[in-house]
Amino acid sequence: MRIPRCATGEKRSTQLGRAFYARDPQTVGKELLGKVLVHVDGTCRRAVRVVETEAYGGTEDLASHARFGPTRRAAIMFGPPGVSYVYLIYGISHCFNAVTGEEGLASAVLFRAGEPLEGCLHATTGPGNLCRALGIRRGTHNGVDLSGGRIFIEEAPPPQERILSSPRVNVAFAGSWAEKPWRYTLSGNRFVSRPWPSGGRPL
DNA sequence: CCAAGGATTGGC
DNA sequence: CCAATCCTTGGA
């Protein structure tokens, strides 16, 4: 099925290309806030405004799946940027990431929450819920190209809200790496997940 | 092969 | 607070 587009091709030109992702995950994580994450599934278009992300690094980042090196699961994080990394966590929830940085060095941005815009029939707060609402799952969407495919990011006006950075969620096992303020949220947005960012410093 | 544990969620 | 649920990883 072809993706319908308007006569001017305007929609298509707002999709972010590979160059956007080919930077460090902290920069990409912050810049993703306020942009629109879209999944076109047949005739159904599901979309959210991104309100919460987290940055994950390579082998040095003890909170990252890349900490064991390019294992079967994490190898995709070492690949080219602008590709999806979807995994199942706790046997229950799918988590959607965008691979960032240069090929050969692992990093990614986890999408943790969004504001429902189109076609969402479930909650969009929390990484597992976000995947369910967008219809994204590991079996069919791991390793797909995010520039030119059915899942992509659309450009949007800069967010009015302040951007907060705070420690990442549920990575206490990572020692001092748990303290890195690599969780990014739109201040005051009601779709941001728990725990609420406290002591997050304004950027 | 086996044991341990996790980038979560929802219910009590 | 805690169990659900299964995939991934490291080690024997």
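These numbers were taken from a predicted model, which means no experiment stands behind them. Every chain is numbered from 1, with letters handed out A, B, ... down the list of sequences.
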Nearest-nucleotide pick for A:L88, side chain only, options being B:dG10, B:dA7, C:dC7:
C:dC7

Heavy atoms under 4.0 Å, any strand shown: does A:R132 hit a base, just sugar-phosphate, or nothing?
sugar-phosphate

For A:Q160, does the CD atom sit with more than 12 other heavy atoms under 6.0 Å from it, leaving out its own atoms?
no

Answer yes or no: does a side-chain N or O of A:N129 lie under 4.0 Å from OP1 or OP2 of B:dG10?
yes

Checking contacts here: which listed nucleotide (B:dG10, C:dG10, B:dA7) is nearest the side-chain heavy atoms of A:H65?
B:dA7

If the cut-off is 4.0 Å, is A:R72 near the phosphate of C:dC7, judged by side-chain N/O to OP1 or OP2?
no

Between B:dT9, C:dT9, C:dC7, which nucleotide has the shortest distance from any of its atoms to the side chain of A:R73?
C:dT9

Pairing of A:D61 and A:K180 as salt bridge, 4.0 angstrom limit
no

Selected nucleotide, minimal atom distance to A:F173 side chain, candidates B:dG6, B:dT9, C:dT8
B:dG6

Less than 4.0 angstrom between a side-chain N/O of A:R67 and OP1 or OP2 of C:dG10, yes or no?
no

Of the listed nucleotides (C:dC7, B:dT8, C:dG10), which one gets closest to any side-chain atom of A:F68?
C:dG10

Using a distance-only criterion (donor-acceptor N/O pair, under 3.5 Å, no hydrogens), is the base of B:dA7 paired with the side chain of A:Y87?
yes

For A:N170 and B:dA7, is the shortest distance between a side-chain N/O and OP1 or OP2 below 4.0 Å?
no

Could you tell me how far apart A:N142 (CG) and C:dC7 (P) are, to the nearest whole angstrom?
14 Å

Between A:R168 and B:dG6, is there a contact of a side-chain N or O with OP1 or OP2 at under 4.0 Å?
no

